Amino acid sequence: MAPILKIIGVSKDFAGLKALHDVDVQIQEGEILGVIGPNGSGKTTLTNVVTGFLPPTAGSVVYKESLISGLPPEIIAAKGIARTFQITSIFPNLTVEDNVIAASYLRTSGSLWGAFLHTKAYRREEAKLRQQSIESLTLLGLQGKGSAPANTLGLAEQRRLEIALALAIAPKLLLLDEPAAGLNVTEALELVHLLKSIHRKEITLVVIEHNMKVIMQLCSRIVVLNYGVKIAEGTPEEIAKNDEVISVYLGGELESA
Amino acid sequence: MSRGDVLKYLVILALLIVVPPVLPKEYFRYLIFLSCVFAILALSADIIISGAGLLTFGHQAFFGIGAYTSGALNFYQGVEPLVGFLAAFVVSGVSGILFGYICLRRLRAVYLAIATFGLGAVVFLIARNWYQFTGGLTGLRGLDYPSLFGFEINSELRFCYLGLALLLLTSYFIYRLWHSRLGRAIIALRENEELARSKGVSPIFYYTVAFSIACAFAGLSGALYVHEMAVVNPMLFQFNYMIIIFIAVLVGGKGRLPGPIIGATIYVCLTEFLRFAENLRYALMGVILLIVVTFMPSGVYPFLLSQAHSFTNFIKQWLRRKGYGTNP
């Protein structure tokens with residue numbers, strides 16, 4: 001399989017602090033890649049560099065043969081790369097359904113005049129949007145919540161809504177920044193099933209996570225970062241046996257997984 | 001739209017047509033016209049304030065730019081005022097793009113407010129000192145009344161209808177705007193700029209568009225205003241009009257269409273009915289506004305809505321107690 005995304009020699013400095021140092025990662029089309037590492041190891045910075053929220057200090061990011069590093073986030077999103085945020089990020093004052101509709105921006109084309117004159121094309125697109133948003137909410141187990149304001153949902157539901165919002169741009173590649181943070185064991189297990197079902201829709205996943213159970217059950221390959229440097233890469237079994245990984249970070253946590 | 005909604009809008013429309021001619025004084029028709037002017041202005045500013053969630057302190061500049069576009073075209077070139085309205089709409093909108101593009105690239109929140117305040121002040125100074133064009137403090141006098149195919153809008157009643165028609169058009173446009181792809185992109189940015197960007201929404205583009213639409217309608221209200229007075233002068237660029245906007249939006253209730261309209265009407269009526277107090281007029285108005293915002297912090301319109309809601313609930317309960325209830 002061809003790599004869908006190539007991260008080539010990427011570095012990111014914050015006023016002298018090297019958040020990322022010469023990181024090379026290739027993401028294969030159709031895989032689920034796990035990114036792990038202790039706090040401050042540069043996982044979120046890597047997500048931000050790939051999705052355009054931070055320009056890299058050095059190196060390049062290539063998506064499907066085209067250079068995307070340095071482009072603004074909205075252009076990268078339009079190319080088919082979606083993300084979620086470490087701190088759950090939704091449109092708080094809109095209803096759940098309107099959240100999904102607002103996030104479907106890239107899949108719509110309606111003109112202002114169509115809306116103003118209430119044309120047939122406008123009404124057709126509106127109906128399609130509502131329908132798609134209901135389908136998407138059903139897939140994520142949020143059926144029946146469509147008319148609730150998004151900020152009244154519980155944390156686990158907000159997480160799922162955020163994934164629904166990411167899927168609304170019809171991505172080819174989805175980066176999830178700590179999707180299981182703050183979830184209990186049952187909720188984390190539900191999340192694993194959910195992500196597997198998303199993966200079956202031919203979406204390549206990158207999962208940044210602390211929860212080793214989630215990573216081990218989900219990922220076919222794992223990249224380990226420490227202080228902004230990639231220290232290991234391999235299958236979950238290889239990572240679990242890697243002495244360096246165990247010494248810098250995982251230790252007891254891995255054995256319990 | 002349900003049948004009840006249609007009925008409601010038809011009743012409002014009928015009232016708007018029937019009420020102006022039967023009012024006892026010419027003066028009241030003038031007040032309705034004035035309310036329409038400031039309602040359009042306040043509604044346009046609310047696109048920026050509530051719609052895009054940005055602070056602006058320079059919206060009066062576009063009121064003035066619109067006023068001068070139509071006024072100067074009529075004064076120097078004899079352009080028909082209704083064509084001037086369209087020109088005012090376009091010129092203000094385009095200035096809004098420039099203004100927005102300068103201010104919105106990086107600035108947000110209070111920094112944006114400071115920048116827009118500065119630009120508004122600069123525009124005022126230019127208008128006041130460029131007297132060869134603007135006519136200085138005396139302005140350009142003797143503007144024509146608008147006329148449509150020979151039908152001249154020359155009485156308070158006709159101006160009143162013109163104002164109401166433009167207000168309805170503006171309200172409908174803004175209402176539909178928030179149900180369009182463009183409006184939703186603006187709302188998404190207001191709600192969560194970072195998240196909106198990750199969904200493909202460009203902040204600089206959509207914030208500028210929101211700004212420009214708001215400025216275009218502000219320009220329209222300015223043009224409407226000066227052709228009734230038949231004079232345009234640089235005082236229209238003054239910060240006073242921004243204060244009127246804030247009063248109308250905050251007292252009326254922001255974010256909902258009736259809010260700024262009610263707010264503008266309250267402002268116009270207060271300034272006129274407090275004339276008896278002479279020099280104390282604005283002090284009294286300040287006290288009244290303070291009382292209003294203290295007891296109705298979200299504005300008069302939301303307050304009235306909640307009162308109407310509890311009143312109908314009270315009636316329903318009373319009917320139920322009397323045994324007329326529909327519920328078993």
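Naming: A, B, ... by sequence-line order, numbering from 1 per chain. On a predicted model such as this, the values are computed, not experimentally measured, just so you know.
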B:Lys199 backbone acceptor or donor facing A:Glu74 side chain under 3.5 Å: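 The answer is no, because no donor-acceptor pair under 3.5 Å joins these two groups.
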
Check each atom of [X] against the heavy atoms of chain B and say whether the ones under 4.5 Å are side chain, backbone, both or neither.
X: A:Ala82; value: neither
X: A:Phe91; value: both
X: A:Ser109; value: backbone
X: A:Thr108; value: both
X: A:Leu94; value: both

Can you tell me if [atom1] on [X] sees more than 12 non-hydrogen neighbours from other groups inside 6.0 Å?
X: A:Phe14; atom1: CZ; answer: yes
X: A:Arg107; atom1: CZ; answer: yes
X: A:Ile87; atom1: CD1; answer: no
X: A:Lys145; atom1: NZ; answer: no

Worked check of side chain to side chain donor-acceptor pair (under 3.5 Å) between A:Arg83 and B:Ser198: CA-CA 7 Å; A:Arg83 68 168 296 181; B:Ser198 79; over 6 Å; no

SB check A:Glu126 B:Arg176 (cutoff 4.0 Å):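 Looking at A:Glu126 and B:Arg176, the cut-off is not met.
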
NZ or CZ of B:Arg184 within 45° of A:Tyr105 ring axis and under 6.0 Å: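 The answer is no; the distance or angle limit is not met.
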
Derivation of the ring pair (Phe, Tyr, Trp, His ring centres under 6.0 Å) call for B:Tyr175 and A:Phe116: CA-CA 9 Å; B:Tyr175 173 74; A:Phe116 188 56; over 10 Å; no

Nearest heavy-atom neighbours spanning B:Gly200 and A:Ala77: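 So the two residues come closest at N-CB, 3.6 Å.
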
Distance-minimising heavy-atom pair for A:Leu112 and B:Ser180: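 Heavy atoms of A:Leu112 and B:Ser180 come nearest at CD1-OG, 3.6 Å.
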
Straight-line distance of [X] [atom1] to [Y] [atom2], nearest 0.5 Å:
X: A:Ser89; Y: B:Glu193; atom1: OG; atom2: CD; result: 11.5 Å
X: A:Asn48; Y: B:Glu194; atom1: CG; atom2: CD; result: 7.0 Å
X: A:Ile75; Y: B:Arg197; atom1: CD1; atom2: CZ; result: 9.5 Å
X: B:Arg190; Y: A:Asn93; atom1: CZ; atom2: CG; result: 7.0 Å
X: A:Leu165; Y: B:Leu195; atom1: CG; atom2: CG; result: 6.0 Å

Per-residue contact mode, B:Tyr206 against chain A (heavy atom under 4.5 angstrom):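 Contact with chain A involves the side chain of B:Tyr206 alone.
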
